[in-house]
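First the proteins, then the strands, lettered A, B, ... as listed; each starts at 1. Computed from heavy atoms alone, side chains included, the values below leave out hydrogens, waters and symmetry copies.
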Amino acid sequence: MELIITEKDNAARRISEILSDGSFGTDRRNGVNVYRWGGKRCVGLSGHVVGVDFPPEYDDWRDVEPVELVDAPMVKRATKENIVRTLQDLAREADAAVIATDYDREGELIGKEAYELVEEVADVPIRRVRFSSITEREVTEAFADPDELDFDLAAAGEARQMIDLMWGAALTRFLSLSSGQLGNDFISVGRVQSPTLKLIVDREREIEAFDPEDYWELFADLTSEDADGAFEAQYFFREEGRENERVWDEAAANAAHEQLLAASEATVTEVDRRTRTDQPPTPFNTTQFISAASSLGHSAQKAMSVAEELYTAGYITYPRTDNTVYPEDTDPVALLETFADTGTFGEDAASLLEADDVEPTRGEKETTDHPPIHPTGELPPRQDLSADEWELYELVVRRFLATCAEPATWEHLRVVAAANGCLLKANGKRLLDPGYHAVYPYLSTSENFVPDVTEGESLAVSDVRLEAKQTQPPRRRGQSRLIETMEDLGIGTKSTRHNTLQKLYDRNYIEGDPPRPTKLAMAVVEAAEQFADRIVDEGMTAQLERDMDRIASGEVTLDEVTEESREMLSVIFEELHESREAVGDHLRDGLKADKTLGPCPECGETLLVRRSRRGSYFVGCDGYPDCEYTLPLPSNGEPTPIDETCEEHDLRHVKMLAGRSTYVHGCPQCEAEKAEDEEDVVIGACPDCGDDHEGALAIKRTRAGGRLVGCTRYPECDYSLPLPRRGDIEVTDTYCEEHDLPELHVVQDDEDDPWELGCPICNFEEYQARQRKTDVEDLDGIGKKTAEKLADAGIDSLVKLADADPEAVASEVQGVSADRVRDWQAQAREAIDEGGDDTDPDDGEETVVEDDEGRDTLGDVEAEVDEATAG
DNA sequence: GCAAGGTC
C-alpha cells in the first residue's frame, strides 16, 4: 500500500479525488479521515502535528532561572496525538510513502515531521511531491515524477522554531518574573509580536510629540458664462518652481484674502486636459483580501474566519496565500463562463466574456504556495450564507471579475486662473469609461466637476473664503494597515499576522480600533529597547530570513545559526540580570497607569480598577488597607479607563469592553451617586412575598449604573428582574393581566419609537427562553448542512436534541451515526446547563451578561443588588 | 502558563 500525506484534510480529499478519478472511499480512524482507493491511502495532517518545547523539568517558571532556557535542550512532542497515531498506524501497513504537504518552507518542515514519524515505525521509501495548486494537471504531473524531501529547507524552518522559542520563552519569563506577573497576565515578547507592538508604540510616540502648526488655505468659486454652475478653485503660489497651497504666515494669508476679495473676475491662463488609465486591481492574496474586507467594515479576524468557512465549504480557494499571480492552470474564461450562467453575477461575467481576449492582471508577488484567492466556480445558494459570508464571497467573486476586466479611463481637467494677482486652480475628474469599476463597485468613482473653459476666458469670482487650519499628527494605523505594514517589513506570515494583532489585544497591549497602545505596552517596549533591542526590532526577522536562506542552500548548518543566536541572547541576559528590579518597577508602573482613575475622595491616594478574589471588578484605593474606599463597576465586560475625565471628581471615565455590547459607563463615582439620589419607583406587588409580607416591586437604579425591577424588602427577599441599561424607562397605564404589572417602555435617544418592553416578568421569561435556545449549529461537529438535516427531522433546538433518541436520529438522518448524536447531546446538555448557571451568584467566572438589546442577566442584577443595598 | 508557525 502507498500512503500519501498532505498538510490538511481538505487537500487530502481533493488530491484523492484527482488521483482516484473520483472513485475513493472515506474511512474514519481515531477521528481522522483516511481516503482509500486501489492500493492507496491518503491522510491529511492539521499543519504541524508535533511541536518543539523544553523538557518538563523546565515547566515551573519560579523554579527555573529564565537564563537557563538559553542553553536548555529542546524536544519534539506530538501535539495532535490522534493524527500522529493514525499516521503511524497507516505507515505500518504501507510499503511506500509520499509527502504532499504545501509547497513552501513550512510545508517542507511539516513534511519532515511526517517523514520522521513514518520512519519511526516503518522502513519504507519516502518521496516528496510538489505542486502549487491542486489541479488535475499539476497533481498528476507531480505524482508521476516524485522528488526527495529537502532536508536543508526543513532545517531552516527548524532553526526558526528553536530561535523563536529560546528568545520568546526566556525573555517572556524574565519580564513576567521581574514584574511579578505570573498568572494569566504574564508579559510576553517575541520576534513577531514585539516589533509589531513597537510599530504601534512608535506611531503613538509621534502623535504625542506632535506639535501642530497653523496654516491657512484660500478658496473661491468661479463661474463661466458658457457653462452651468460654479466650481471651486484653490489659491496657490509658486516658490522655487513648486506649487504651494498652504500659507504659513497669517499676515500673508490675510493679504491674499484681501486681494482675492477685491478681484471681480479671474482670467483663465491654463487649461490642461488629459486622459488617464486606471488599471484593474491585481488578484487577492491574504493581505489584500483583508484590506479590501476592512473597507467593508470587517475586522481582520472576521474576514479570515469567514474566508476559511467559504473555503471549507468549497466556494473559494485556499485563503492563506502570498501569491498574486494566477497559476497557468487557472482558466479564467471557463470560470467566467460558470458565472455567466448565474443570476447574481451573470451579466457582469457575460460582459467580460465579450472581450476579444481575457488577460487577468498580475500582482508583484508570485509564489509557489497556493493560487491567489478566487472563487472555485462552485456556487453557494445565497440563503445558505449569512449576510457577512455573502458579502465577502461577493467581494472575492467581484475581485476575480475585476482582475479579468478592462482598465477604466478618466479625464482629468486642470484649470488655472489669475485673479487680481492671485493664482487659483481647480482639478476636475470625469469617468469616461468605467472599465473594471462596472464589476467592482468597492472603489470610489466620484467625479469632480470643472466645466470646459477656454484659455483667456474671464470667469466671475464669488464666495472667497479664508480657512484657518492646523497640521495634523500622523494617523494611527488600523488593523488592515498594520497587517500591510507587517507584510512590507517581512514580519509574520500570511497565516499569522491577523492572529498576532489579536494576541496584542489579548495581552492588554493594545485597545480599540485603530489600536492604541496601553501604558503597559509602552513600558514593555521601553524595557525591551533598553535591554533587548533585538526583540523589538524587525531586523531580527530580516537576519533570520537571511540565515534560513543560508541553511536552505547548505551554506551553513542549523547548529551554527542557533549557536550564534544563543550567544547573542546570553549577552543580553548578562545586562538584564543587573537591572532586574529596575525593569520590574518600570513594568509595574505601566500596569498601574492602565488601571488608574484619579484621586481617592476619601484619602487623596489613587483610585484603581481592581479585581476581587471572585473575579469581579471594582474601584478600590491604592492606599488599601489603610483606606477602604470602594466603588462598584458593572459586571458585564472588562473595565478600561479612557482619556475622558470627570470634571467634578477628576476621575477617568470607564469603558466596559464586552465585544459588540461595549459601552462607556462613565465616572464610577457619578454613577454611584446617581443611584443614591434616585427614588425607587414602585410598580406593583412582589410575586414572591407580596401576599405574606406586603413586599413591592420597584424600578431601582444600582450603584454600578444598572437598573432592575426588585423587591423593596431586599435583602429579606431577593426577587429581581433585569432591565436594559440604556434609555429612559416609562411606566405605562396598560397592565399585564397575568402578573398585574404595568407594561414598560424604553425610550432611547437615538430612536423615534420606544422599545415596548411589556410586563417585566413576561419580558424576562421570553428573554430566558431565548438565552437557552442556542443554535444546534453552534455545537462542534455540526455544520450547516447537518443542522438543516436535523431540522428537517424536527430537531431544531438544543433541548430537542438533548431529549432525542440517538438511535432514532441516526436512522432518520442520513450520514449521522448514533455515536455522533451522543457526542452532540453531551455538548447540548452542557450548553443548556451553562445557560442555567448564569444565575449562580457564586460563579466567579465572567458569564454572558448582556444580550443584544443591552440587558443585564439576572446573575449580575443580583450582584448589583448586593452593592446597591450594601452601600 | 512562555514563541511562531501550521490548521479548524
ask   = Does any pair with a residue in residues 521-536 of chain A pass side chain to side chain donor-acceptor pair (under 3.5 Å), and if so which ones, sequence neighbours excluded?
value = A:Lys198-A:Glu529, A:Arg205-A:Glu529, A:Glu526-A:His586
key: Non-neighbouring partners of A:Glu391 that pass side chain to side chain donor-acceptor pair (under 3.5 Å), sequence neighbours left out   = A:His298
task = Would you kindly compare A:Arg497 and A:Asn10 by the position of their nearest DNA chain B nucleotide and give the one closer to the 5′ end?
result = A:Arg497
request  = Check the pair A:Gln288 / A:Thr324 against side chain to side chain donor-acceptor pair (under 3.5 Å), numbers first and verdict last.
outcome  = CA-CA 9 Å; A:Gln288 298 298 94; A:Thr324 54; over 6 Å; no
Mind listing the side-chain donor-acceptor pairs of residues 56-74 of chain A below 3.5 Å, one per line with the distance, residues two or more places apart or on another chain?
{"residue": "A:Asp60", "atom": "OD1", "partner": "A:Arg62", "partner atom": "N", "Å": "2.9"}
{"residue": "A:Glu65", "atom": "OE1", "partner": "A:Arg580", "partner atom": "NH1", "Å": "3.4"}
{"residue": "A:Glu68", "atom": "OE2", "partner": "A:Glu65", "partner atom": "N", "Å": "3.1"}

note = Result for salt bridge (Lys or Arg N to Asp or Glu O under 4.0 Å) between A:Glu487 and one of A:Arg481, A:Lys494, A:Lys365 points to A:Lys365
note = Applying side chain to side chain contact (heavy atoms under 4.5 Å, CB included) to A:Glu106 and not counting sequence neighbours gives A:His48, A:Asp104, A:Leu109, A:Arg160
ask   = Does A:Lys503 put a side-chain nitrogen or oxygen below 4.0 Å from OP1 or OP2 of B:dA4?
value = yes
message = With the threshold set at under 4.0 Å for non-hydrogen atoms, list the residues of residues 160-180 of chain A touching DNA chain B in residue-number order.
response = A:Arg160, A:Gln161, A:Asp164, A:Leu165, A:Gly168, A:Ala169, A:Thr172, A:Arg173
key: Gap between atoms NZ and C1', on A:Lys76 and B:dG6 respectively (whole Å)   = 13 Å
message = Can a donor-acceptor pair be found, under 3.5 Å and without considering hydrogens, that links the side chain of A:Asp594 to the backbone of A:Leu520?
response = yes
inquiry  = Rounding to an integer number of Å, can you tell me how far A:Gln502 CD sits from B:dG5 P?
reply    = 16 Å
inquiry  = Using a 4.0 Å cut-off on heavy atoms, which residues in residues 41-69 of chain A reach DNA chain B? List them by number, or say none.
reply    = A:Ser46, A:Gly47, A:His48, A:Val52, A:Asp53, A:Phe54, A:Asp59, A:Asp60, A:Trp61
inquiry  = Tell me if a side-chain donor or acceptor on A:Thr518 pairs with a main-chain N or O of A:Ala521 at a distance below 3.5 Å.
reply    = yes
message = Need to verify one output field. Residue with the more 5' nearest nucleotide on DNA chain B, A:Tyr311 or A:Arg191?
response = A:Arg191
query = Has A:Thr493 got a side-chain N or O lying under 4.0 Å from the OP1 or OP2 atom of B:dG6?
reply = yes
